[in-house]
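Not measured: the values here are computed from a predicted model. Every heavy atom of this structure was used, including side-chain atoms; hydrogens, water molecules and symmetry mates were not.
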Amino acid sequence: MATGSSTKGGADNVVRRDFLTIAAGALSAVGAAAAVWPFIAQMNPSADVLALSSTEIDISKIQPGQNVTVLWRGKPVFIRHRTPDEIAKAQADDGAALPDPQKDSARVKKPEWLITLGVCTHLGCIPLAFQGDFGGFFCPCHGSHYDTSGRIRRGPAPTNLPVPQYAFLSDTQVRIG
Amino acid sequence: MSLATDNKLIKWIDYRLPIFSMAQHSLIDYPTPKNLNYWWNFGSLAGICLVIQIVTGIVLAMHYTPHVDLAFNSVEHIMRDVNYGWLIRYVHANGASMFFVVVYIHIFRGLYFGSYQAPREILWFLGVVILLLMIATAFMGYVLPWGQMSFWGATVITNLFSAFPLVGEPIVTWLWGGFAVDNALLNRFFSLHYLLPFVLVGVVMLHLVALHQHGSNNPLGIDRQGPQDSIPFHPYYTVKDMVGLAVFLLVFALFVFYAPNLLGHADNYIPANPLVTPAHIVPEWYFLPFYAILRAVPDKLGGVLLMFAAIGILLLLPWLDTSKVRSARFRPVYKWFFWVLVADCVILLVAGGKPPEGFWLIMSRVATAYYFIHFIVLLPFIGWFETPLPQPTSITQAVLKPAQEKA
């Protein structure tokens, strides 16, 4: 490249050909990146997967002290009808030493209904309800204990069970997503 | 070296496409140290394992359906209906285990005899790349039958990436092609599980090119002085490899015909259920040491990073080992620590299969710590302080000495 480029160059020896080389190289790099992108993006969720983004559930049959698992976007969601005892315990623990501090009131819309993803925040197993040292959930895979508010209390999981977007459409209908 | 044949056709072809002289150069005449012992069988055995996996895998792909509704049943179809399908699948499933046994022995052989030392560092790196590719391929293959262990193994392992801050969640969604492990993942795992073995073949070729550049290391760990220290690969080592292969195939057949499910998990004969996690999920035995390291750390990101580091540290090995002597035969101190490392890995393997609590959690923590201490602390220090035993001046001298003493 550099040979013979001194004829019309300025003091610093930069010639038109250098500009063309760099410009062409840069443009090819952008073009290559643009061509690669579809091959990366094709692995992201497809339109039909994204379309299944909300689910409606009738909660009238769920008794206090019962935990129901429903499927939302391919993931289990816990709908737990909490007993007054469980609610009191969850609220009392607001001040406890929590790895991921959150008030119980910030995690529910109605205190008797706890709705969280049923996916352990450690490595994605499904925790078992009413088990573990805090009476909430217990993940059998690697031993994470959650309380009755779905907050992580002990074990390797880093965060509380996430609360999905949801809305009460009526007293008996809830829409997740 | 000229081609040892009078066949006109072979000569005609070879003049235009030198495949015959290449084969003669690297498979027949290839000068090999004359003192290789049976621990040097495991390289070619690993190559044979790869061929067995590819052949059986291509056949299985002719009968398998990569779809969440059909995958499990298509595997049962292979087991019950396809002619010899049970045999081919059991060879493939147990072949993965055999491949890992062979490769692990191959790696420890390298650790004992210092095969990673100069000038074989890149040969060693390529070996580490091969190990990583094998791990990825084996993991994705285990997902394909879409049983309970397949599904939850895929969930746990892909979730490892969620440990990384910020980019973690988008990466996991990207890997899944959805918001949970589902059909998109099964499909792409099938595609990649078919692809990666051929990538492996390519890296194995590079591994062989790097090997043939300086030739095999040997049990004495000393360089060859001249042609008197070598013998041609064929027939000496082709025959020796055949002996090892026969023994290996006996063991392999024992598993395939008498205990085909011994190394698997019964739970994988239950169709995948995204709503129920099996009570006790563990990976296949060959991943247990890494799984033990993952669970030994009480922090999610820390566990994931340490698990990757367990393999990554092997890339630094040529520099962490400060010894001027390759073979542990002449390293009176390192020799013992090598066996402690072997025991340490066995402890990790056992601990990885136990629930992460009580005694075994403590054991896996101690063993994890020791694993890294071995490479980062012990190896450099042993190399500095150890006084190696006197090495023979040449391979020939060492090989002929016992015979002369007898005479």
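For B:I281, the part lying near chain A is the side chain, with the backbone staying farther off; criterion is any non-hydrogen pair under 4.5 Å. Using a 4.5 Å cut-off between heavy atoms, A:L71 contacts chain B through its side chain alone, with no backbone atom that close. Looking at B:V276, the atoms closer than 4.5 Å to chain A (heavy atoms on both sides) all sit in the backbone: N, CA, C or O. Heavy atoms closer than 4.5 Å to chain A are found in the side chain of B:L294, but not in its backbone. Heavy-atom distances place the backbone of B:A279, and not its side chain, under 4.5 Å from chain A.
Heavy atoms from other residues, nucleotides or ligands lying under 6.0 Å from CZ of A:F19 number 12 at most. More than 12 non-hydrogen atoms from other residues, nucleotides or ligands lie less than 6.0 angstrom from CD1 of A:I40.
Taking both residues in full, the closest heavy atoms of A:P140 and B:P278 are given as CG-O, 4.4 Å, listed atom of the first, atom of the second, then distance. Taking each heavy atom of A:P45 and B:G178 in turn, the nearest pair found is CG-N, 3.6 Å.
Residues forming a side chain to side chain donor-acceptor pair (under 3.5 Å) with B:S74 (at least two apart in sequence, or on another chain): none. The ring-ring contact (aromatic ring centres under 6.0 Å, His included) test applied to A:F134 returns no partner, not counting sequence neighbours. Residues passing the disulfide bond (SG atoms under 2.5 Å apart) test with A:C125 are A:C141, sequence neighbours excluded.
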Tabulate, with distances rounded to 0.1 Å, every donor-acceptor pair spanning chain A and chain B at under 3.5 Å.
unit_1: B:N159; atom_1: ND2; unit_2: A:L123; atom_2: O; d: 3.1
unit_1: B:W174; atom_1: NE1; unit_2: A:I40; atom_2: O; d: 2.6
unit_1: B:F179; atom_1: O; unit_2: A:K75; atom_2: NZ; d: 3.3
unit_1: B:R188; atom_1: NH1; unit_2: A:M43; atom_2: O; d: 3.0
unit_1: B:R188; atom_1: NH2; unit_2: A:M43; atom_2: O; d: 3.0
unit_1: B:T277; atom_1: OG1; unit_2: A:I126; atom_2: N; d: 2.8
unit_1: B:Y291; atom_1: OH; unit_2: A:H142; atom_2: NE2; d: 2.6
unit_1: B:K300; atom_1: NZ; unit_2: A:T121; atom_2: O; d: 2.8
unit_1: B:K300; atom_1: NZ; unit_2: A:H122; atom_2: O; d: 2.8

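Of the listed residues (A:C139, A:G155, A:A157, A:G124), the greatest number of heavy-atom pairs within a distance under 4.5 Å of chain B belongs to A:G124.
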